[in-house]
Amino acid sequence: DDVISAMRQMDVSVEGIFRKNGNVRRLKELVEALDREQDGINLLEDNPVQLAALLKRFFRELPDPLMTSKLYRLFIRAQQLESEAERHRLLQMVAFLLPKVHRDTMEVLFIFLKWVASFSHVDEETGSRMDLPNLATVVCPNILYARASEPTRGETILANRVVEHLLERQDEFWVVPEDMEAALEDRVLVAAAPEMSAAELLKRCGKYLA
């Protein structure tokens with residue numbers, strides 16, 4: 001919240017924001033200072049590229065990834081479905097399986113990133129060049145990954161597409177549709193979902209979904 005609040009007061013049209021790593025030494029100093037005390041740190045003294053790097057590092061170092069290790073495989077499987085409508089429907093279902101604190105944090109982050117993307121092309125000469133697809137590519141490794149193993153190139157591409165889809169159509173992921181409520185109230189289904197294939201989960205949800 002503090003980083004996002006500070007960045008919203010800055011010019012985020014700077015080219016390469018979230019792609020550039022900022023000053024490594026300053027990032028280390030900032031992290032150590034925040035670990036010691038938060039109240040005495042004025043984030044407005046840093047530049048937006050530096051704060052973007054700090055935000056990525058914060059998410060990368062969470063004990064459990066923002067989109068969770070438990071649901072990583074299911075997010076990837078959902079993206080492998082051929083039907084765009086089925087992919088979207090299943091991604092909705094998986095997103096709603098996230099713990100509330102993760103989902104709420106994702107909402108704050110994604111709304112902010114959509115705002116950042118609005119400065120990708122201010123005019124012909126200025127802009128960050130960081131639209132939603134580019135932001136998805138640089139942010140994804142920090143929020144959707146498996147700690148246990150290195151992703152294959154194919155998994156990396158699929159993970160990027162998941163985050164891009166959620167960013168682009170995010171308004172459809174913050175409120176549970178009425179026809180999904182019954183499926184999410186099925187505790188047996190919710191508990192078993194992370195281990196299911198995409199097709200199996202769609203089939204099990206079929207009796208609930210319109």
Side-chain angles (χ1 to χ4, degrees), residues 18-19 56 59 65-100 102-121 128-146 149-186 188-210:
F18 278 100
R19 176 175 55 79
K56 287 196 300 182
F59 282 109
L66 180 63
M67 297 175 72
T68 73
S69 296
K70 186 176 182 180
L71 293 174
Y72 170 77
R73 293 293 171 193
L74 195 50
F75 273 116
I76 298 299
R77 292 173 193 146
Q79 190 59 40
Q80 292 173 316
L81 292 170
E82 292 186 8
S83 165
E84 182 179 350
E86 288 186 344
R87 284 200 305 272
H88 178 70
R89 200 65 165 148
L90 194 56
L91 282 174
Q92 276 187 309
M93 183 67 183
V94 181
F96 294 139
L97 293 175
L98 287 166
K100 186 177 185 301
H102 287 250
R103 193 169 63 252
D104 289 348
T105 303
M106 188 172 76
E107 180 178 0
V108 171
L109 175 64
F110 280 20
I111 288 173
F112 171 65
L113 291 176
K114 191 171 184 178
W115 176 78
V116 172
S118 70
F119 296 91
S120 62
H121 295 85
S128 68
R129 305 299 187 263
M130 297 300 290
D131 55 14
L132 284 181
N134 286 333
L135 285 171
T137 299
V138 297
V139 170
C140 178
N142 305 284
I143 63 175
L144 179 59
Y145 61 93
S149 61
E150 287 294 320
T152 64
R153 184 174 182 277
E155 283 183 354
T156 298
I157 292 172
L158 291 171
N160 288 345
R161 288 176 181 171
V162 168
V163 175
E164 182 179 344
H165 184 98
L166 267 63
L167 277 171
E168 289 180 341
R169 299 181 63 175
Q170 58 181 277
D171 292 344
E172 300 168 51
F173 289 88
W174 310 140
V175 179
V176 179
E178 290 184 7
D179 61 351
M180 275 195 179
E181 291 179 359
L184 292 169
E185 289 172 357
D186 184 336
V188 174
L189 175 61
V190 169
E195 305 303 323
M196 292 183 185
S197 67
E200 184 181 2
L201 183 54
L202 272 178
K203 183 179 179 180
R204 290 280 297 274
C205 291
K207 63 180 180 180
Y208 300 111
L209 305 183

State, to 0.1 Å, how close [X] and [Y] come at their nearest heavy-atom pair, and which atoms those are.
X	Y	value
Asn134	Arg129	ND2-O, 2.9 Å
Lys56	Arg19	NZ-O, 4.2 Å
Ala191	Pro194	O-CD, 3.6 Å
Val175	Phe96	O-CZ, 3.5 Å
Phe18	Phe112	CZ-CE2, 3.9 Å

Would you say that [X] contacts [Y] through its side chain, given a criterion of any heavy-atom pair below 4.5 Å between the two side chains?
X	Y	result
Phe110	Val163	yes
Met106	Leu166	yes
Met93	Leu202	no
Leu201	Leu189	yes
Arg89	Met180	yes
Gln170	Leu132	no

Between [atom1] on residue [X] and [atom2] on residue [Y], distance to nearest 0.5 Å:
X	Y	atom1	atom2	answer
Leu184	Gln92	CG	CD	10.0 Å
Ile143	Thr105	CD1	OG1	11.0 Å
Leu90	Gln79	CG	CD	10.0 Å
Met130	Thr137	CE	OG1	8.0 Å
Arg77	Tyr72	CZ	OH	11.0 Å
Ser118	Asp131	OG	CG	11.5 Å

Practice task
Report the C-alpha distance between Arg87 and Arg161 in whole Å, list the side-chain angles of each, state the deciding distance to 0.1 Å, and finish with yes or no for side chain to side chain contact (heavy atoms under 4.5 Å, CB included).
Solution key: CA-CA 11 Å; Arg87 284 200 305 272; Arg161 288 176 181 171; over 6 Å; no
Exercise for the section: Decide yes or no on side chain to side chain contact (heavy atoms under 4.5 Å, CB included) for Met67 and Val94, but give the supporting numbers first. Expected result: CA-CA 10 Å; Met67 297 175 72; Val94 181; over 6 Å; no
Problem - Audit row: His102, Leu71, side chain to side chain contact (heavy atoms under 4.5 Å, CB included) steps and yes/no - result: CA-CA 12 Å; His102 287 250; Leu71 293 174; over 6 Å; no
Exercise for the section: Can you label the angle between the Phe173 ring and the His165 ring as parallel, tilted or perpendicular, going by 30° and 60°? Expected result: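 Phe173 and His165: perpendicular rings.
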Practice task
Before accepting this row, confirm whether a basic side-chain N of the pair Glu155/Arg73 lies closer than 4.0 Å to the acidic partner's carboxylate O.
Solution key: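 Yes.
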Problem - Atom CD of Glu195 with >12 non-hydrogen neighbours under 6.0 angstrom - result: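 No.
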